[in-house]
Amino acid sequence: MQVNSPSTSIAEVSATNAPFNPYLPFASHSMKQDGLEDFDEKVPQSPKAPSTRSRFDGLTSIYRSVSWILGFRERYSLLLMIIFGGALVGFCLARAMMMRPANVRDLTIAGEWFWYRQPLYKPTIFMHIYLTIIAGIFAIFQFIPAIRRRMMILHRINGYFVLILLIPGIVGGTIVARRAFGGELNSQSGYYVLGSLIVFSACMGLLNVKQTRKHRKWMLRTVTFTCATITARLASICARHIISKIGTYYAVWRCDEILFVLQDANAVDQAYPECGQTGVSPGNIHVAVRAATNVDNLEYAASVRATFGMGLWIGILIHIVGIEFYIRRTEDANQHRRGFVLQREDDEDDAPKRAPDDY
Ligand code: HEM
């Protein structure tokens, strides 16, 4: 970086022959004074491995160019976006198959459709699936700085669009949570807490739409909490294989749910004789089903029921800690551009409310 003064003219900037950087006049102030490393810092080079070095340099410069085009100021922001944004978009695209109703019936964990076909849950699960998948894909554009700085109107429209989809989508998911994975209390409570966290953060982000520093933090939380279900699924996948190996875990099922999955009354009576009691409605009899991933659909579903709540709580915990850590680590970089000046965090409380265009 060669230009340090905010008063440096465009002509002086051009005279340096440096690539055009719209933030150059104040970039040195923001990065150096605030202890951030120069984005253009040279990668240490080893004289022993010239071929690896040049390939690595090529990748690094592509990375830097893309990062610069998208408007990221910090070295690792693009990488973080690729990893976490990629996980969100990848998950949404992977689950997009569930937008086909027959797939929800056939491909959700065995026993789920027993409940989701009912009048309360059928519209809500589809509302949840459609709205969250679309919101999840579009949410990623909110994190591209170039859009925020150069096309603020697009950021605003897309932001409202995502929230209009996300909030009802999460409410739908939270209603379905009453019966998801057998309505097991562990997962029910996890879903309720998660749904409340997401809706609360989204509302706080909306209320602080003009205080961009606070807005950024609440919206980061909203999206991070929304992604906790992805981590929950991963945790549940690991846990279900572990408990299956251990072999001593069970989930409680109603006999009518078991009949719905096995579709064979004799098989149900043989495997779970309690279900064959005469004069008692199968909906009132509960039996323990062994959790095992390698036997049949029923036992596999039992392994999911036994582990999903725990996975959800682990996901919630990881995402809360992760996002608060990230917010604190990036506190210094979270500055506003007001004209040619980046506004420091200390100024926030004194600063008059400003239009979102300022950042
Ligand atoms: C971008 C985020 C999300 C997407 C794309 C998404 C998508 C889906 C999809 C496609 C299903 C159908 C079942 C399956 O595919 O396995 C589903 C199920 C469900 N989701 Fe979400 N979801 C998201 C976040 C959430 C959140 C934050 C909550 C809780 C507040 C939630 C609650 C539920 C519930 C309770 C079910 C039923 C569980 C099951 O039977 O599989 N989801 N979700």
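All residue numbers in this chain count up from 1 along the given sequence. Ligands are counted one by one from 1 in listed order, and the atoms in each one are counted from 1 as well. Predicted model, so just to flag it, every value in this text is computed and none were measured.
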Enumerate the atoms of ligand 1 whose separation from the nearest heavy atom of [X] is less than 4.0 angstrom.
| X | value |
| --- | --- |
| G195 | 30 (C) |
| F181 | 38 (C), 39 (C), 41 (O) |
| C92 | 5 (C) |
| A180 | 35 (C), 37 (C), 38 (C) |
| I198 | 27 (C) |
| M98 | 10 (C), 15 (O) |
| E112 | 39 (C), 40 (O) |

Among W113, Y121, Y191, which residue places a heavy atom closest to atom 32 (C) of ligand 1? Y191
Would you say the side-chain atoms of [X] pair up with the backbone N or O of [Y], donor to acceptor, closer than 3.5 Å?
| X | Y | value |
| --- | --- | --- |
| H128 | G172 | no |
| E324 | V321 | no |
| T229 | T226 | yes |
| N208 | K214 | no |
| Q277 | E274 | yes |

Considering only the protein, which heavy-atom contact is closest to [atom], and what is its distance?
| atom | answer |
| --- | --- |
| atom 5 (C) of ligand 1 | F91 CE2, 3.6 Å |
| atom 2 (C) of ligand 1 | T226 CG2, 3.5 Å |
| atom 13 (C) of ligand 1 | T108 CG2, 3.8 Å |

Does [X] reach ligand 1, in the sense of a heavy atom lying below 4.0 Å from it?
| X | result |
| --- | --- |
| M99 | no |
| Y116 | yes |
| F308 | no |
| I170 | yes |

Among E74, R216, K217, find the residue that satisfies the side chain to side chain donor-acceptor pair (under 3.5 Å) test when tested with T330. R216
Using a 4.0 Å heavy-atom cut-off, say whether R233 meets ligand 1 through its side chain, its backbone, both or neither. side chain
At under 4.0 Å between heavy atoms, is it the side chain or the backbone of I109 that contacts ligand 1, or both, or neither? neither
Provide the closest heavy-atom pair for S77 versus Y63 in the form atom of the first, atom of the second, distance. N-OH, 4.3 Å
Is R328 close enough and on-axis enough to Y326, meaning under 6.0 Å and within 45°, for cation-pi? no
Cationic tip of R221 within the cone over W218's six-membered ring, i.e. under 6.0 Å and within 45° of the normal? yes
Is any N or O atom of T174, backbone or side chain, closer than 3.5 Å to an N or O atom of ligand 1? no
Partner set under side chain to side chain contact (heavy atoms under 4.5 Å, CB included) for Y249, not counting sequence neighbours: I243, I246, A291
Under the side chain to side chain contact (heavy atoms under 4.5 Å, CB included) rule, collect the residues that match up with Y250, sequence neighbours excluded. A288, R290
Ring centroid separation for F308 and F181, is it under 6.0 angstrom? yes
Sub-4.5 Å side-chain heavy-atom contact between Y272 and L298: yes
Take atom OH of Y192 as the centre, draw a 6.0 Å sphere, and report whether it contains more than 12 heavy atoms from other residues, nucleotides or ligands. yes
Please list all pairs passing the disulfide bond (SG atoms under 2.5 Å apart) test where one or both residues lie in residues 269-322, with sequence neighbours left out. C255-C275
Given a threshold of 2.8 Å, state how many protein N/O/S atoms are nearer than that to atom 21 (Fe) of ligand 1. 1
